[in-house]
Amino acid sequence: AKGLEFDVVICVGCETDLMPHYLATKMAQDDVAIDEERRLLYVAMTRPKSHLVLTYVERRFVHGFSRYASLSPFLDDDLLATLNRVDLGDFRAQGHHRNGHRHKAGSQL
């Protein structure tokens with residue numbers, strides 16, 4: 001999709017072990033695999049016409065276990081300083097169900 005642009009581009013999972021993927025870091029002998037992952041993110045980040053959305057979580061369930069996640073090393077402080085951050089951490093605390101619909105107080109998620 002060289003040169004294509006889209007109104008909105010969403011990159012999900014901007015976390016260590018997902019971006020770059022842990023297999024790329026495990027197999028990288030000369031950083032070629034990591035450089036390729038960085039290039040793919042760069043391409044995605046240069047394609048939106050109006051909005052770029054980068055998502056990450058603080059905790060993720062992997063194979064049934066909860067683990068803390070850290071921000072992708074590709075997203076350095078200089079880049080992050082140029083972005084608007086929206087914290088959705090309290091989204092479920094405000095009474096939203098997993099599918100985004102509101103639920104009544106006392107009902108199960």
Side-chain angles (χ1 to χ4, degrees):
K2 190 170 186 173
L4 286 179
E5 288 188 332
F6 305 91
D7 291 332
V8 178
V9 174
I10 302 171
C11 298
V12 179
C14 296
E15 303 151 30
T16 300
D17 291 340
L18 292 179
M19 190 179 301
H21 194 269
Y22 74 94
L23 288 179
T25 57
K26 181 179 176 182
M27 295 172 22
Q29 296 175 10
D30 56 4
D31 294 332
V32 172
I34 294 173
D35 289 343
E36 178 64 11
E37 298 248 337
R38 185 184 315 273
R39 186 191 70 77
L40 290 172
L41 178 60
Y42 174 81
V43 169
M45 291 175 62
T46 58
R47 294 302 180 240
K49 291 179 185 176
S50 60
H51 290 89
L52 171 65
V53 179
L54 304 172
T55 70
Y56 66 95
V57 297
E58 292 177 353
R59 288 179 47 162
R60 179 173 294 282
F61 278 92
V62 179
H63 303 293
F65 296 96
S66 175
R67 68 170 180 88
Y68 286 98
S70 59
L71 193 60
S72 170
F74 294 163
L75 303 178
D76 62 24
D77 291 335
D78 292 335
L79 172 65
L80 294 174
T82 66
L83 303 176
N84 294 323
R85 182 170 187 236
V86 177
D87 187 355
L88 299 177
D90 62 345
F91 185 71
R92 288 190 62 192
Q94 293 175 3
H96 290 82
H97 196 274
R98 284 174 247 234
N99 62 10
H101 298 293
R102 292 193 58 81
H103 69 283
K104 295 178 185 176
S107 63
Q108 292 185 340
L109 292 177

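Just so you know, these numbers come straight off a predicted model, no measurement behind them.
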Check step by step if side chain to side chain contact (heavy atoms under 4.5 Å, CB included) holds for L83 and L75.
CA-CA 11 Å; L83 303 176; L75 303 178; 5.9 Å; no

Side-chain cluster (under 4.5 Å, hydrophobic types only) that V53 belongs to, other residues:
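The other cluster members (ILVMFWY side chains, heavy atoms under 4.5 Å, direct or chained) are V8, I10, V12.
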
My understanding is that a hydrophobic cluster links ILVMFWY residues whose side chain heavy atoms are under 4.5 Å apart, including indirect links. Using that, what else belongs to the cluster containing Y42?
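Its cluster mates, by chain and number: none.
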
Looking at every non-hydrogen atom in both residues, tell me the closest pair between [X] and [Y] and how far apart they are.
{"X": "A33", "Y": "A24", "value": "CB-O, 3.8 Å"}
{"X": "L18", "Y": "E37", "value": "O-OE1, 4.3 Å"}
{"X": "R47", "Y": "L4", "value": "CD-O, 2.6 Å"}

What residues form a side chain to side chain contact (heavy atoms under 4.5 Å, CB included) with [X], not counting sequence neighbours?
{"X": "E36", "result": "R39, L40"}
{"X": "D78", "result": "D76"}
{"X": "Y22", "result": "D17, T25"}

Report yes if the side chains of F74 and C14 come closer than 4.5 Å at any heavy-atom pair, otherwise no.
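SC-SC contact between F74 and C14 ruled out.
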
Answer yes or no: is there a side-chain heavy-atom contact under 4.5 Å between S66 and F61?
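With C-beta onward as the side chain, the pair touches.
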
Which residues share a side chain to side chain donor-acceptor pair (under 3.5 Å) with [X], sequence neighbours left out:
{"X": "E15", "result": "R60"}
{"X": "R85", "result": "Y56"}
{"X": "T82", "result": "none"}
{"X": "S70", "result": "T16"}

Approximate separation, where rounding is to 0.5 Å, of M19 CE and I34 CD1
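Rounded to the nearest 0.5 Å, the CE-CD1 separation comes out at 14.0 Å.
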
Are L41 and V9 in one and the same hydrophobic cluster, where Ile, Leu, Val, Met, Phe, Trp and Tyr link if side-chain heavy atoms are under 4.5 Å apart?
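Same cluster: L41 reaches V9 through Ile, Leu, Val, Met, Phe, Trp or Tyr contacts under 4.5 Å.
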
